[in-house]
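These notes concern the structure reproduced below.
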Amino acid sequence: MKLGIFGGTFDPVHMGHLVVAEETREQLGLDEVLFVPAGKPWFKSEMPVTDAEHRLAMVDLAIASNPAFYSSDLEMARPGPSYTVDTLELLHEKLGDSSQLFVVLGADALSELERWYQPQRILELANVVGVTRPSHRSVDLGELSKTLGNARDRLSLLEGPLIEVSGTEIRKRIHEGRSIRYLVPESVEGYILEHGLYR
Ligand code: ATP
């Protein structure tokens with residue numbers, strides 16, 4: 001089985017995330033994409049993040065209509081910072097060598113891979129796939145792999161539709177009383193309104 005692992009804050013999940021996941025699923029022929037909201041994102045430890053339960057509930061609403069998309073509370077259930085490498089170790093142990101793991105991320109996150117916790121171990125356990133973002137239309141994979149023990153064959157960059165939306169932008173718009181229609185699925189917009197998030 002080819003399994004995509006899509007981690008992130010998802011605060012909230014938005015159309016940019018869904019397009020990245022679907023584009024990767026299609027281009028790489030993934031059987032499933034697992035959305036894994038971070039419990040306490042290590043890279044955002046100074047910033048307040050919405051309760052993980054809300055972020056997971058919104059992910060579940062957003063992916064409900066896609067039979068290849070699943071969510072996992074694996075990182076939320078673990079105390080301390082969420083490290084991708086720990087999630088991969090767990091999945092590898094559970095699924096064994098018959099499954100191929102693909103870490104899915106935006107090109108902005110890919111370009112910072114060397115700063116992640118244990119990036120070389122990540123590349124032993126999985127392929128890492130970046131998807132272009134308007135702010136990051138290219139990444140020098142050759143340069144990146146040099147800093148990561150020459151794992152060039154485990155790194156790739158996919159071009160997908162460029163969608164300039166971020167969690168930050170959504171939160172800002174809600175805070176300013178502006179519309180987020182079409183930037184998040186309708187069900188997620190409803191959830192945000194119902195629970196008074198980001199005001
Ligand atoms: P924030 O603005 O709160 O930092 P974000 O939407 O940029 O949020 P995350 O929710 O942490 O970030 O994103 C999870 C993953 O999805 C990251 O790998 C990020 O690069 C990627 N991603 C998010 N939005 C887009 C987008 N519009 N296009 C491509 N990749 C994206």
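In each ligand, atom 1 is the first atom listed, and ligand 1 is the first ligand listed.
Here's the thing with G167: one of its N/O atoms is less than 3.5 angstrom from an N/O atom of ligand 1. Inclusion of A109 in the set of residues having an N or O under 3.5 Å from an N or O of ligand 1 is not warranted. Between G16 and ligand 1, a contact under 3.5 Å exists for no N or O pair.
Between R171 and ligand 1 there is a heavy-atom distance shorter than 4.0 Å. Using a 4.0 Å heavy-atom cutoff, H14 is listed among the residues neighbouring ligand 1. Residue contact check for ligand 1: P134 places no non-hydrogen atom closer than 4.0 Å to it.
With hydrogens and angles left out, the side-chain atoms of T132 and E159 include no donor and acceptor closer than 3.5 Å. Under 3.5 Å, the side chains of E23 and Q27 contain a donor-acceptor pair of N or O atoms. At a cut-off of 3.5 Å, with distance as the only test, a side-chain donor of Y198 or D11 sits close to an acceptor on the other residue.
The distance from ligand 1 to the heavy atoms of I163 drops below 4.0 Å at these ligand atoms: 26 (C), 27 (N), 28 (N). Close contacts between ligand 1 and G8 involve ligand atoms 11 (O), 14 (C) [criterion: under 4.0 Å to a heavy atom]. Of all atoms in ligand 1, numbered sequentially from 1 with element shown, those under 4.0 Å from a heavy atom of F10 are 10 (O). For ligand 1 and H17, the ligand atoms under 4.0 Å from any heavy atom of the residue are 6 (O), 9 (P), 10 (O), 13 (O), 14 (C), 16 (O), 23 (C). Near T168, meaning under 4.0 Å from any of its heavy atoms, are these atoms of ligand 1: 1 (P), 2 (O), 3 (O), 4 (O). The contact set between ligand 1 and G7, taken as ligand atoms under 4.0 Å from a residue heavy atom, comprises 14 (C), 15 (C). Ligand 1 places these atoms under 4.0 Å from at least one heavy atom of L105: 18 (O). Counting atoms of ligand 1 from 1 in the listed order, those under 4.0 Å from a heavy atom of V20 are 29 (C), 30 (N).
At a heavy-atom cutoff of 4.0 Å, ligand 1 is contacted by the side chain of D108 but not by its backbone. Counting heavy atoms closer than 4.0 Å to ligand 1, residue T9 contributes atoms from both its backbone and its side chain.
Annotation for A62 and P185: closest pair CB-CG, 3.9 Å, computed over non-hydrogen atoms. Of all the heavy atoms in R55 and T50, the pair that sits closest is NE-O, 2.7 Å. Across all non-hydrogen atoms, the minimal contact from H136 to A107 is O-CB, 3.4 Å.
Under the 30°/60° scheme for interplanar angles, the aromatic rings of F10 and H17 are found to stand perpendicular.
Proximity of T84 to W116: side-chain heavy atoms (C-beta onward) are separated by under 4.5 Å at one or more points.
The distance between the ring centers of Y191 and H54 falls below 6.0 angstrom.
Using a 4.0 Å cut-off between a side-chain N of Lys or Arg and a carboxylate O of Asp or Glu, D108 and R133 qualify as a salt bridge.
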